[in-house]
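Order of appearance sets the numbers: ligands from 1, and atoms from 1 within every ligand. The first residue in the sequence is number 1, and the count goes up from there.
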Amino acid sequence: PFEWYAEMRRSAPVHFDEERQHWDLFRYEETNRVLTDYESFTANRAGSENATDDDGAMFQTMIMVDPPGHDRLRGFVNERFQPGTLREYQPRIEELTEEVLDQIDGENRFDFVDEFAIRLPITIIAELLGIPAERRDEFKEWSDALVARPEDGSESSIKRSQERMQWAQQQMGQYFAQLLEERQDGSGDDLITLAATTEELSRGEQVGFCMLLLVAGNITTTNLLTNALWCFEERGITDAIRTGEIDRKQAIEEVLRYRSPIQSLDRVALEDVELNGRQIREGDVVTAWLGAANRDPELFDAPEEFRPERSPNRHIAFGKGVHYCLGAPLARIEADVAFDVLLDRFETIEADLTDLQPLRSLYGLESLTCTIEE
Ligand code: HEM
């Protein structure tokens with residue numbers, strides 16, 4: 001998509017797509033404006049995804065709700081996702097990363113996506129939520145199904161993956177409801193207990209919160225891990241990262257900018273607004289292309305180049321404004337630890353970069369075959 005972004009940024013930075021009846025924004029400035037100005041642009045995309053409580057009440061999660069309601073849905077958990085709080089948890093993340101690597105099948109060739117990048121975020125979020133060990137396998141099955149992609153473009157396989165997704169949502173919802181019930185006494189220190197003891201949230205909202213963590217956090221982090229190895233191998237800097245010659249954390253920031261796991265976010269205009277000379281009307285859907293803003297030459301030197309040492313790096317891969325990613329500090333620690341452990345364990349790791357199939361909506365790869373030596 002990157003050539004298209006560059007072309008559009010030059011020729012039509014605020015563009016109305018007649019076919020989709022949709023605005024597309026390609027520059028940093030307007031993207032920033034739309035994400036920050038929640039009074040003019042709502043995150044509640046037409047309310048079509050409203051969910052209901054067991055007793056039928058409507059509820060929404062933080063990602064769909066504007067201030068002032070947003071604070072009630074997010075405030076209770078903010079502290080848990082602060083970098084300081086998470087740092088205490090880092091040794092555990094290292095252990096879990098080792099465990100995931102222990103489970104890799106195959107002698108020295110494996111699919112980095114399936115065997116590592118998908119498993120690690122699920123394992124870590126299961127632990128943070130406090131999913132009991134004996135239910136972990138089932139939990140992983142549901143998590144996989146939640147993001148199941150059709151095997152091919154045929155109607156039957158699309159239908160199958162949709163059914164699997166609905167089934168998983170239902171299973172997961174029931175399971176969270178049950179755990180929330182059991183943990184109302186507040187004795188644990190996991191996220192389910194935290195949600196269960198938050199009186200400002202209805203039970204449906206508590207379930208919604210748990211589901212949101214999976215939906216928002218898993219594939220995105222999978223794609224960050226995959227895109228990182230992809231970028232490092234493409235630039236031939238994997239060894240320089242291993243030795244510390246190139247700063248790992250900074251290189252990961254550049255991956256977030258250069259191959260952003262979420263390429264776009266939608267908002268709906270609440271009033272008529274002028275953006276860069278174009279008239280947006282109340283009710284219009286606006287797509288802010290993070291992936292394009294992250295390559296805007298107004299903000300970045302040589303934006304089309306992957307520069308692992310780039311600093312400062314003011315990318316907006318985690319969004320901007322009140323909905324700024326809750327899990328950003330966690331995703332950063334996960335990626336940092338993942339490459340620390342991985343490159344320490346394997347003497348060499350080589351990814352096969354031929355015939356890669358980039359995914360579109362959430363940006364990553366379907367698979368990335370690696371050869372390793374311990
Ligand atoms: C929100 C990106 C990982 C939880 C967001 C948003 C972006 C984003 C762009 C803003 C959505 C919007 O404004 O509409 C990413 C990326 C990740 C990642 C690129 C990985 C590299 C995670 C993880 C978690 C998480 C690991 C949790 C465990 C959330 C939540 C929100 C959110 C709960 C909603 C926040 C709110 O509405 O206040 N994320 N995310 N994310 N993310 Fe992430």
Do NZ/NE/NH1/NH2 and the carboxylate oxygens of [X] and [Y] come within less than 4.0 Å?
X: Glu30; Y: Arg9; value: no
X: Asp17; Y: Arg20; value: yes
X: Glu305; Y: Arg307; value: yes
X: Arg72; Y: Glu200; value: no
X: Asp296; Y: Arg27; value: no

Sequence-distant partners of Pro303, side-chain contact (heavy atoms from CB on, under 4.5 Å), two or more places apart: Arg257, Arg295, Pro297, Phe300
Distance-only N or O hit between ligand 1 and Tyr324, under 3.5 Å: no
Salt bridge (Lys or Arg N to Asp or Glu O under 4.0 Å) between Lys159 and Glu155, worked out: CA-CA 6 Å; Lys159 189 150 176 268; Glu155 246 174 67; over 6 Å; no
For [atom], closest protein heavy-atom neighbour:
atom: atom 28 (C) of ligand 1; value: Ile125 CD1, 3.6 Å
atom: atom 11 (C) of ligand 1; value: Leu265 CD2, 3.8 Å
atom: atom 35 (C) of ligand 1; value: Arg74 NH1, 3.3 Å
atom: atom 10 (C) of ligand 1; value: His323 O, 3.4 Å

Mode of Leu128 contact toward ligand 1 - side chain, backbone, both, neither (heavy atoms, under 4.0 Å): neither
Results of ring-ring contact (aromatic ring centres under 6.0 Å, His included) for Phe306 - residues two or more places apart only: Tyr258
With sequence neighbours excluded, residues passing ring-ring contact (aromatic ring centres under 6.0 Å, His included) with Phe232: Phe339
Give the atom numbers and elements of ligand 1 that come within less than 4.0 Å of a heavy atom of [X].
X: Leu224; result: 21 (C)
X: His70; result: 36 (C), 37 (O), 38 (O)
X: Val322; result: 38 (O)

Protein N, O or S atoms lying under 2.8 Å from atom 43 (Fe) of ligand 1, listed by chain and number: Cys325 SG
Under 3.5 Å, is there a donor-acceptor pair between the [X] and [Y] side chains?
X: Arg87; Y: Gln90; value: no
X: Thr371; Y: Asn108; value: no
X: Thr123; Y: Glu99; value: no

Ligand 1 contact by Ala317, heavy-atom criterion under 4.0 angstrom: yes
Close approach, Asn218 and ligand 1, non-hydrogen under 4.0 angstrom: no
Of the listed options Glu334, Arg332, Arg267, closest to atom 12 (C) of ligand 1 (non-hydrogen atoms): Arg267
Proximity winner for atom 26 (C) of ligand 1, if only heavy atoms of Leu225, Val77, Ile316, Thr221 are counted: Thr221
